[in-house]
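Here's the structure we're looking at; comments come further down.
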Number of protein chains: 2
Amino acid sequence: MTTPLTDPAPADDGAPGTSRVPGARPRGRPRSAVAERAILDATMRLVAEQGSLAGLSIEAVAQEAGVGKATIYRRWPNKEALVIAALEAAEQPLPALPGDNVRDDLVLLLDAMRVNLIDARAEGLLSAVLGQVKQHPELGRRYHEVVIEKRRDAMRDVLRRGIASGELRDDVSIELMKDLLAAPMLTRKLMQELDLPPELPALIVDTVLAGIGTDRPQC
Amino acid sequence: MTTPLTDPAPADDGAPGTSRVPGARPRGRPRSAVAERAILDATMRLVAEQGSLAGLSIEAVAQEAGVGKATIYRRWPNKEALVIAALEAAEQPLPALPGDNVRDDLVLLLDAMRVNLIDARAEGLLSAVLGQVKQHPELGRRYHEVVIEKRRDAMRDVLRRGIASGELRDDVSIELMKDLLAAPMLTRKLMQELDLPPELPALIVDTVLAGIGTDRPQC
DNA sequence: ACGAAACGAGACTGAACCGTATCGAAATCC
DNA sequence: GGATTTCGATACGGTTCAGTCTCGTTTCGT
């Protein structure tokens with residue numbers, strides 16, 4: 001992709017760089033927001049494709065983004081910082097939860113996860129990060145903050161509400177419930193490369209709620 | 001590790017190399033089984049450490065194993081083949097299942113998974129393979145055959161038995177049951193780096209069997 | 001118009017690594 | 001003992017890439 005990139009006319013670079021003086025605008029030519037997007041997009045694509053930071057080269061990113069290497073190094077000091085910026089830029093907001101009904105809220109949360117996992121870039125980034133946590137602890141930490149914890153907290157709120165309302169058992173830890181609900185779709189995609197049909201979230205939620213056993217002590 | 005490696009006296013190299021003529025023993029010096037083990041062990045350690053094939057160098061394997069590079073290339077043509085051999089060599093047998101009781105068999109299976117995941121090498125190899133499937137489809141295929149499918153089939157048999165005996169619902173697909181049971185421990189270890197306490201398998205099995213909801217249509 | 005900074009392109013140095021080849025020593029068969 | 005093959009070690013040419021720097025050009029503020 002060597003399409004020439006051009007910024008829109010006045011190019012209102014609100015926050016193009018990563019670390020800039022908070023004071024007045026500097027003197028020379030402002031940094032291109034278009035180039036920045038192209039770099040982050042290319043980074044996402046290539047990390048997802050390579051499955052690791054070791055397999056990602058800055059040179060390939062520059063090529064793929066149609067950008068000079070200096071334009072990348074001007075913004076981020078190394079690969080790890082670049083990948084962290086890319087994953088933060090790609091993060092999507094969680095769906096609004098009506099809150100009428102715990103079961104439906106859980107299905108909504110799982111469906112948001114499902115849509116995200118279907119995106120090859122997000123799924124590739126996830127599996128790459130998993131393998132690179134030991135080598136790049138800062139990357140793992142930020143992924144947790146930006147991606148994992150946000151979802152975990154949202155689900156925890158719903159589960160807490162369900163326990164309070166009596167829709168969920170009060171003798172099972174919230175952490176365990178969360179893992180039981182969220183994990184199956186992840187492993188389906190990550191380990192088996194299966195597709196995730198739209199009805200899967202509801203199926204998982206209903207089955208986890210009801211259990212797969214036939215006898216039940218508390219009945 | 002530059003400890004000098006020595007084979008035991010007669011060094012009964014039953015199957016040291018990977019591709020050898022099935023006929024009579026060749027003429028020269030036989031291949032060292034000790035070197036072979038050292039290479040495979042070093043490969044496992046380094047892949048787990050690097051989290052990817054791209055981050056693994058044959059030179060580092062030779063160094064870590066205390067072996068010349070030629071000794072590696074004599075056996076395997078490239079990195080992918082080497083890593084496949086390493087994962088196959090590290091594979092452990094599954095536990096014997098008494099079969100008296102579906103619940104207990106499931107706990108045994110999950111506990112075998114748990115013990116495996118606690119091993120840093122096995123866990124590191126798993127997360128590395130997950131990220132490298134796109135780049136190395138053959139590696140993914142073999143991992144599936146050797147590791148995943150064996151466990152999946154064992155669990156499927158137990159679940160089928162449970163449905164037949166009436167211990168499990170007959171209106172939930174076996175694939176879904178398997179994912180509900182196996183996935184939570186995987187994501188705990190892979191995504192959250194939590195430890196896996198010994199009581200976790202029983203807790204997961206019992207909770208999935210009973211369900212986390214309080215109301216139940218079929219009661 | 002002028003200076004300042006960013007732009008794409010690519011030259012450059014140095015490091016890491018691949019895969020092959022060569023060395024003398026060691027292990028095995030005939 | 002001689003032929004043969006593997007051993008660890010290391011040298012070798014070739015490739016890829018990191019990170020810096022230098023072009024000439026472009027886009028801003030003044």
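Labels below follow one simple rule: chain letters A, B, ... track the order of the sequence lines, proteins then strands, and each chain is numbered from 1.
Toward the 5′ end of DNA chain C lies the nearest nucleotide of Y73(B), the other residue of the pair R27(B) and Y73(B) mapping further downstream. Residue T71(A) is the one, among A60(B) and T71(A), whose nearest nucleotide of DNA chain C lies closer to the 5' end (criterion: closest heavy atom). Between E59(A) and A70(A), the residue anchored nearer the 5' end of DNA chain D, judged by the nucleotide with its closest heavy atom, is E59(A).
Atoms NZ (K79(A)) and P (dA16(C)) sit 14 Å apart, rounded to a whole Å. One atom, CH2 of W76(B), and another, C1' of dG19(C), lie 16 Å apart when rounded to the nearest Å. When the C1' atom of dA4(C) is taken as reference, atom CZ of R74(A) falls 13 Å away, rounded to whole Å. Rounded to whole Å, the distance from CD1 on I72(A) to P on dG8(C) is 9 Å. We find that CD of Q63(B) is positioned 16 Å from C1' of dC18(C), with the value rounded to whole Å. For the pair L56(B) CG and dC18(C) C1', the interatomic distance rounds to 13 Å; values are reported in whole Å. A straight line from CZ of R75(B) to C1' of dT5(D) spans 12 Å, rounded to a whole angstrom.
Salt-bridge formation is not detected for the pair E123(B)/K189(B): no Lys NZ or Arg NE/NH1/NH2 atom is positioned less than 4.0 Å from an Asp or Glu carboxylate oxygen. Salt-bridge annotation for K134(A) and E49(B): absent, with no side-chain N of the basic residue lying under 4.0 Å from a carboxylate O of the acidic one.
Counting heavy-atom neighbours within 6.0 Å of R121(B) CZ, excluding the residue itself, gives a total of 12 or less.
Of the candidates dA18(D), dG8(D), dC18(C), dA18(D) carries the atom nearest the I58(A) side chain, counting heavy atoms from C-beta on.
Side-chain atoms of K69(A) stay outside donor-acceptor range of the base of dG8(C), with no qualifying N/O pair under 3.5 Å. Applying the 3.5 Å distance criterion, the base of dT5(D) shares no donor-acceptor pair with the side chain of R29(B).
Of the listed residues (R156(B), R160(B), R161(B)), just one forms a salt bridge (Lys or Arg N to Asp or Glu O under 4.0 Å) with D105(B), and that residue is R161(B).
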